[in-house]
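Worth saying up front: this structure is predicted, and the values here are computed from it rather than measured.
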Amino acid sequence: MHGVAEMESSIHLVCGPQADPRTLTISIPENKNPLNTILVGFTGGIDSSLLLYLLVKLNREQQVPYIIQPITVNSALGSSGPPINEQWHCIPRVIEFVKNRHNHLINESMFLPGNPRLTMTQQTLQTYNQITKNNKNKLLFVGDTEHPPGMPVGYARNFAPNNKKIMQPFKNLNKSHIVDAISKLDLEDMIDIVPRCFLLHKYKSSQCENFFCNERRWAYTVLNRRDLIDKFITLE
């Protein structure tokens with residue numbers, strides 16, 4: 001109806017280390033059409049797993065729920081190489097975990113092929129821009145975060161400079177805020193099922209060549225979570 005403000009569901013959570021608390025804020029607009037879809041860029045990693053959980057939680061508040069569709073860009077066809085497939089093994093487990101926590105329907109992740117002539121970042125950006133052209137795809141959420149201070153940049157994390165349908169609710173948070181939010185939401189069981197390191201290095205106390213692994217260890221350290229560090233580096 002003209003003149004009636006659109007409602008939205010939202011979550012606000014203060015999280016992170018005591019020296020750097022920040023507010024995690026995420027929202028979805030009121031839905032009108034059961035065929036409308038919210039896409040979730042999903043890798044099975046810790047950031048996208050929390051993102052999927054929060055979006056399903058918000059979707060449960062909708063009188064007309066969205067279709068929640070995780071998507072995984074098949075960047076292994078391009079420059080990243082096949083080892084990233086190890087991380088994808090976690091995708092069904094995380095989706096099942098979120099379904100059980102919310103008793104709410106989520107589609108299985110849709111694998112979208114990338115262009116092997118492009119870099120991983122270029123593949124992802126190209127795919128995101130293509131799928132958001134579909135009017136039924138109302139929003140695409142991606143879980144990219146800030147790089148930890150002082151750590152060499154691992155990869156580009158701004159996929160959406162000009163696309164207004166791509167939401168990055170974690171862009172002002174770093175991995176320590178994500179891990180602390182997971183703890184405050186009583187989701188630490190999810191940490192046990194997301195990958196430690198998709199490059200299959202030895203889980204020892206030495207530094208790994210994988211940026212994502214070092215980033216997670218950094219987050220556990222600044223949060224003073226020795227228990228998570230010990231679990232992270234334990235051989236299985």
Set of side-chain hydrogen bond (donor to acceptor under 3.5 Å, both in side chains) partners for Thr72, sequence neighbours left out |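 Here the qualifying residues are Ser109.
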Listing, residues 13-20 side-chain donor-acceptor contacts under 3.5 Å, not counting sequence neighbours, or none:
unit_1 : atom_1 : unit_2 : atom_2 : d
Asp20  : OD1    : Arg22  : NE     : 3.1
Asp20  : OD2    : Arg22  : NE     : 3.2
Asp20  : OD2    : Arg22  : NH2    : 2.9

Kindly determine whether Thr25 and His12 satisfy side-chain hydrogen bond (donor to acceptor under 3.5 Å, both in side chains), including the steps that lead there.
-> CA-CA 5 Å; Thr25 300; His12 305 275; 3.2 Å; yes
Shortest non-hydrogen contact from Ile178 to Ile46?
->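 Minimum heavy-atom contact is CG2-O, 4.2 Å.
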Might you point out which heavy atoms bring Thr145 and Leu173 nearest each other, and give the distance in Å?
->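 Here Thr145 and Leu173 meet closest at CB-O, 3.2 Å.
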Donor-acceptor pair, [X] side chain versus [Y] backbone, under 3.5 Å?
X      : Y      : answer
Gln62  : Asn31  : yes
Lys165 : Thr132 : yes
Lys99  : Asn107 : no
Asn59  : Tyr66  : yes

Partner set under side-chain contact (heavy atoms from CB on, under 4.5 Å) for Ser27, not counting sequence neighbours |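 Scan of Ser27 (side-chain contact (heavy atoms from CB on, under 4.5 Å), adjacent residues dropped) gives Glu8, Ser10.
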Considering residues at least two apart in sequence or located in another chain, which fulfil the ring pair (Phe, Tyr, Trp, His ring centres under 6.0 Å) criterion with Tyr220?
->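 In terms of ring pair (Phe, Tyr, Trp, His ring centres under 6.0 Å), with neighbours along the sequence ignored, Tyr220 is linked to Phe232.
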Taking distance alone, no hydrogens or angles, what donor-acceptor pairs closer than 3.5 Å link side-chain atoms of residues 49-57 to residues at least two apart or in another chain?
unit_1 : atom_1 : unit_2 : atom_2 : d
Ser49  : OG     : Gly45  : O      : 2.6

Can you list every pair that meets salt bridge (Lys or Arg N to Asp or Glu O under 4.0 Å) and has a residue in residues 176-191, with sequence neighbours left out?
->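 Listed by first then second residue: Asp180-Lys184, Glu188-Arg225.
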